[in-house]
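Below you'll find the structure, written out as structure tokens, and then a few comments.
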Amino acid sequence: MTIHRRHFLGSLAAAAAASTVGAQPENPWGGPVIDIHFHLRKTPQANTAHLDGCGVSNAVLLTGVNALDQLHATQDSSPRRFVWSASADPTKPEAVRLLTDAVKSGAIGLGEIKAHVASDGPELQRLYALAGELNVPILIHFQEVPHYDGEGVFSTPFKNLEAMLKAYPKTRFVGHADAFWANISADYANQSAYPSGPIKPGGLTDRLLTDYPNLYADLSANSGNNALSRDPDFTPAFLARHRDKLMFGSDCSCSDGHGGGISQANNPAAARLAGKCVARETLTVLKKSTSTALFRQIAWENAHTVYRITSSTLS
Ligand SMILES: [Zn+2]
Ligand SMILES: [Zn+2]
């Protein structure tokens with residue numbers, strides 16, 4: 001585990017050194033980028049093909065606790081590129097033990113946790129507590145509108161997250177998905193998965209990010225991209241206001257970092273990104289809406305702070 005972490009940190013040092021001699025021409029984003037929402041793919045090549053295709057240097061591999069061989073194959077084939085976050089089914093009694101073991105083996109976070117349970121129910125509360133005890137962030141999928149018949153909902157109701165932020169002040173929560181991002185607007189009432197049009201200031205998500213130092217945000221997926229794209233007058237100030245809280249992620253399922261393969265499968269409501277690479281689209285809107293320093297903070301630095309990817313983790 002130490003080896004994997006050290007390899008990754010080596011890349012941070014290399015990237016820092018590179019930045020002192022200016023932007024690398026082969027890097028489309030002007031500097032290193034870490035994708036905090038990258039689901040582990042089957043082969044090492046499939047993982048690096050996406051990163052290379054969209055110009056992303058590093059990723060947090062979201063990995064089920066039963067896929068550690070796959071994880072290690074990918075880490076070993078590309079030293080200095082990947083760290084990982086562990087996921088398990090929160091409804092299973094062994095979840096706490098499996099996730100604890102994963103963190104002891106080098107996982108730097110819990111999640112993505114995506115399950116048909118209450119946002120304030122016992123299944124998630126024991127994981128919120130565990131994340132606090134283990135001093136790692138926990139990434140949660142919040143969704144109240146199904147994408148297709150029978151999909152169901154996840155971590156509901158979103159509004160009860162506030163009580164959890166209060167109850168677990170030492171836990172670093174990372175919010176993600178439809179309900180988290182739709183509630184950026186004060187007029188949202190579950191009318192659709194991805195509301196469009198101008199954002200009404202004062203949305204619950206905006207307020208929670210302001211009021212709770214233990215809440216962070218994952219900009220991944222159509223949900224995050226939609227929130228940043230729907231109202232260009234709102235976006236720059238939102239990004240600046242929460243500059244310490246926001247982290248780039250893609251949750252992209254394209255194969256090549258250019259929108260190839262099956263993108264947005266089983267989610268017709270996300271058709272606006274069909275055939276596109278979510279990573280590219282979201283990095284483009286971020287680039288357009290931020291200063292160079294703010295882009296670097298959201299695309300690179302904040303993940304290191306929130307996930308404690310620092311030299312102290314070497315000890
Ligand atoms: Zn998700
Ligand atoms: Zn992609």
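Given the structure is predicted, the values throughout are model-derived calculations rather than measurements. Counting starts at 1 for both ligands and their atoms, in listed order.
Counting only N and O atoms by type, the side chains of Asn135 and Arg172 include a donor and acceptor under 3.5 Å apart.
One of the N, O or S atoms belonging to His50 lies under 2.8 Å away from the Zn ion (ligand 2). At a cut-off of 2.8 Å, His176 coordinates the Zn ion (ligand 1) through an N, O or S atom. With a cut-off of 2.8 Å, the Zn ion (ligand 1) has an N, O or S atom of Glu112 in range. Among the backbone and side-chain atoms of Cys252, an N/O/S atom is found under 2.8 Å from the Zn ion (ligand 2).
The Zn ion (ligand 1) sits nearest to atom ND1 when only the N, O or S atoms of His141 are considered.
Around the Zn ion (ligand 2), the angle linking Cys277 (SG) with Cys254 (SG) is 110°, rounded to 10 degrees.
Ring-plane geometry between Phe180 and Phe142 is classed as parallel, the angle between the planes falling under 30 degrees on a 0 to 90 degree scale with a further cut at 60. Ring pair Phe82/Phe38 is tilted by interplanar angle, where 30° to 60° counts as tilted.
Under the 6.0 Å cut-off for aromatic ring centres, Phe154 and His116 qualify, their centroids lying closer than that.
Checked against Met247 for a side-chain contact (heavy atoms from CB on, under 4.5 Å), the options Ile298, Asp218, Ile34, Val174 give a single hit: Val174.
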